[in-house]
Novice: 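Next up is a structure, given as structure tokens.
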Amino acid sequence: MIKRLIAALPLLALAGCVGEPPSRTARAMAPVPAPSYVVAVPVPKPRPLPVNRAPRGLDASIQQMVREFPGVAGVAVRAVDEGWTIQAGGRRLLPQQSVSKLWVAMTVLDQRDSGRLKLDDPVSVTAADLTLFHQPIASLVKGGQWNTTVGNLLFRALTQSDNSANDRLLTLVGGPSAVRAFIERKQLGDIRFGPGERHLQAKTAGLTWDQSMSVGNNFSIARARLDPAVRQAAMQAYIDNPPDGAAPLAIADALARLARGELLSETSTRLMVSTLEASKTGRARLKAGLAPGWTLAHKTGTGQELGRRNAGFNDVGLLTAPDGRRYAVAVMIGDTTRPMRERQQLISAVASTVSGYRGAPTIAARDMDDPES
């Protein structure tokens, strides 16, 4: 078979994607079938990690936070390079909401690594691609079409949590089945991927999606007209069995593996992490709790509310200390009636506790409870 080498993409290429879009003659980029050749963009093999005991004080603090929070929550902290894990409620399947954009982005970059697409490939976004809730690119779809690139959509989906940008990428890579295949092939564990933003949110509200709901406030109007009992039953069904549910422990493990370069090529790994570092969402969550000198690469997720009840309030990411130590953190709130400020405080408190930790060197342990996700 013919081999070809994909040239490494400079990191500045993605930042450049947010400039002027290509000409309007650019056509929509359809999913490309798998190539018959081999592309040499290697993904490093996993390296064995030391098995260390988690810091007891840090563990106790995390356990107490989750135990005392009035709602269903889960936290997982995995030391990327040191080999220890802390979890409290970390095996629960909790709603991801926009945290699931991580797996779409990784699938895009995995297909880039295999030569199936490039970040500067042209993509058209039309009115039929629009979804609901937060979708800044909706204002750009004028005259029924907006021409852009794969890289631009990736940047917007991760840094702005643009739902339509994410769903257009989802269509591009082959739909939910392609993302699920990536999750399974990389053995990411207890991470589900739902049917896409519009269908997930419609079902959670007790509605059946119609494309007219993507226009203006049509979705909110249709939802408000429902019988409250219908909405309550739909919300409860979502909480009981979220189609986008994931275990915080599995997410923290996936982020740690991403940071170590075990999921994507070196260039795609750096591109993914640097884009997550540019995220503009969740200023009052993990970011608010970081100690001075620490950096954060993260993705937030926020679900619908019914009265005072919220289903899905999350922030997950990679925390990097000034000395280079890295920690994958997942804080997920699956069901609570507490106000947003208290939810934010739980998430920021976890970041503050992790980044404020200055304990003694970890102690090797043979019997450490460090399950793989």
Side-chain angles (χ1 to χ4, degrees), residues 3-15 38-52 76-85 99-119 150-151 154-155 157-159 169 173 178-179 181-189 191 246 248-279 286 294-299 316-330 354 362 370 372-373:
K3 296 186 177 180
R4 73 178 189 183
L5 180 64
I6 298 295
L9 179 70
L11 289 176
L12 293 178
L14 184 58
V38 175
V39 181
V41 183
V43 176
K45 294 181 179 180
R47 304 189 309 269
L49 290 176
V51 178
N52 295 312
V77 181
R78 187 179 286 272
V80 175
D81 309 296
E82 300 163 59
W84 55 258
T85 299
V99 167
S100 65
K101 289 181 172 69
L102 289 173
W103 322 123
V104 177
M106 289 187 198
T107 303
V108 169
L109 292 173
D110 181 64
Q111 292 192 6
R112 170 194 175 268
D113 289 342
S114 68
R116 297 179 64 183
L117 56 77
K118 296 180 292 185
L119 295 186
V150 172
L154 185 71
F155 187 85
L158 290 179
T159 65
L169 289 173
V173 298
V179 178
F182 171 83
I183 292 171
E184 182 177 359
R185 179 162 47 84
K186 297 295 182 176
Q187 298 181 336
L188 300 188
I191 297 174
L249 197 55
I251 292 178
D253 182 62
L255 290 172
R257 291 176 60 196
L258 171 71
R260 292 194 297 265
E262 297 172 7
L263 300 181
L264 301 169
S265 69
E266 180 182 358
T267 304
S268 290
T269 297
R270 288 188 286 116
L271 189 59
M272 181 80 182
V273 173
S274 66
T275 304
L276 292 173
E277 289 176 342
S279 175
L286 287 175
W294 285 63
T295 60
L296 173 66
H298 73 128
K299 185 70 197 74
V316 309
L318 291 165
L319 283 61
T320 303
D323 64 4
R325 291 177 301 163
R326 300 173 295 176
Y327 303 91
V329 177
V354 173
T362 54
D370 184 17
E372 291 296 326
S373 302

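We're numbering straight along the sequence, starting at 1. Remember, predicted model here, so these are calculated numbers, not experimental data.
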Novice: Going from CD on Glu277 to OG1 on Thr159, what distance comes out if it is rounded to the nearest 0.5 angstrom?
Specialist: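 Answer for the CD-OG1 pair, Glu277 versus Thr159, is 12.5 Å.
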Novice: Answer yes or no: is there a donor N or O on one side and an acceptor on the other, between the side chain of Arg78 and the main chain of Val329, under 3.5 Å?
Specialist: no
Novice: Salt bridge check, Asp81 against Arg326: does any charged N sit closer than 4.0 Å to a carboxylate O?
Specialist: yes
Novice: To the nearest 0.5 Å, how far apart are CG in Leu296 and OG in Ser279?
Specialist: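 That separation rounds to 8.0 Å.
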Novice: Does the side chain of Arg112 come under 3.5 Å of the side chain of Ser268 through a donor N or O and an acceptor N or O?
Specialist: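 Yes.
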Novice: Which distance, rounded to the nearest 0.5 Å, do you find between the CG of Leu255 and the CZ of Arg260?
Specialist: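 It is 11.0 Å, given to the nearest 0.5 Å.
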Novice: Before you tell me yes or no, could you show the steps for Tyr327 and Thr320 under side chain to side chain contact (heavy atoms under 4.5 Å, CB included), namely the whole-Å CA-CA distance, both residues' side-chain angles and the distance that decides it to 0.1 Å?
Specialist: CA-CA 6 Å; Tyr327 303 91; Thr320 303; over 6 Å; no
Novice: Considering all heavy atoms of both residues, which atom of Lys101 and which atom of Ala157 are nearest to each other, and what is their separation?
Specialist: CD-O, 3.3 Å
Novice: Go through the steps for Thr85 and Leu249 under the test side chain to side chain contact (heavy atoms under 4.5 Å, CB included), then give the verdict.
Specialist: CA-CA 9 Å; Thr85 299; Leu249 197 55; 3.5 Å; yes
Novice: Are any non-hydrogen side-chain atoms of Phe155 and Leu119 less than 4.5 angstrom apart?
Specialist: no
Novice: With the threshold set at 4.0 Å, does a side-chain nitrogen-carboxylate oxygen contact exist between Arg116 and Asp110?
Specialist: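 A salt bridge is absent here (no side-chain N lies under 4.0 Å from a carboxylate O).
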Novice: Heavy atoms only: give me the nearest Ala328-Ala256 pair and the separation to one decimal.
Specialist: CB-N, 3.7 Å
Novice: Which heavy atom in Val179 sits nearest to a heavy atom in Thr107, and how many Å separate them?
Specialist: CA-OG1, 3.7 Å
Novice: How far does CG of Leu264 sit from CZ of Arg257, to the nearest 0.5 angstrom?
Specialist: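 Leu264 CG to Arg257 CZ: 10.5 Å, rounded to 0.5 Å.
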Novice: Grab the two heavy atoms, one from Gly261 and one from Thr269, that are nearest each other, plus how far apart they are.
Specialist: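 Shortest heavy-atom separation between Gly261 and Thr269 comes out as CA-OG1, 4.0 Å.
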Novice: Taking all heavy atoms of Ala254 and all of Leu263, pick out the closest pair and write down the distance.
Specialist: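 Looks like O-CD1, 3.5 Å.
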Novice: Is there a side-chain contact between His298 and Val316, using heavy atoms and a 4.5 Å cut-off?
Specialist: no
Novice: Rounded to the nearest 0.5 Å, how far apart are CG of Leu154 and CG of Leu158?
Specialist: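 Nearest 0.5 Å value for the CG-CG distance: 5.0 Å.
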Novice: Show the nearest heavy-atom pair for residues Ile191 and Ala250, with the distance to one decimal.
Specialist: CG1-CB, 3.8 Å
Novice: Measure the spacing between CZ of Arg185 and CZ of Phe182 and express it to the nearest 0.5 Å.
Specialist: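 Spacing of CZ (Arg185) from CZ (Phe182) equals 6.5 Å.
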Novice: For a 4.5 angstrom cut-off between non-hydrogen side-chain atoms, does Leu188 reach Asp253?
Specialist: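 No, their side chains stay 4.5 Å or more apart.
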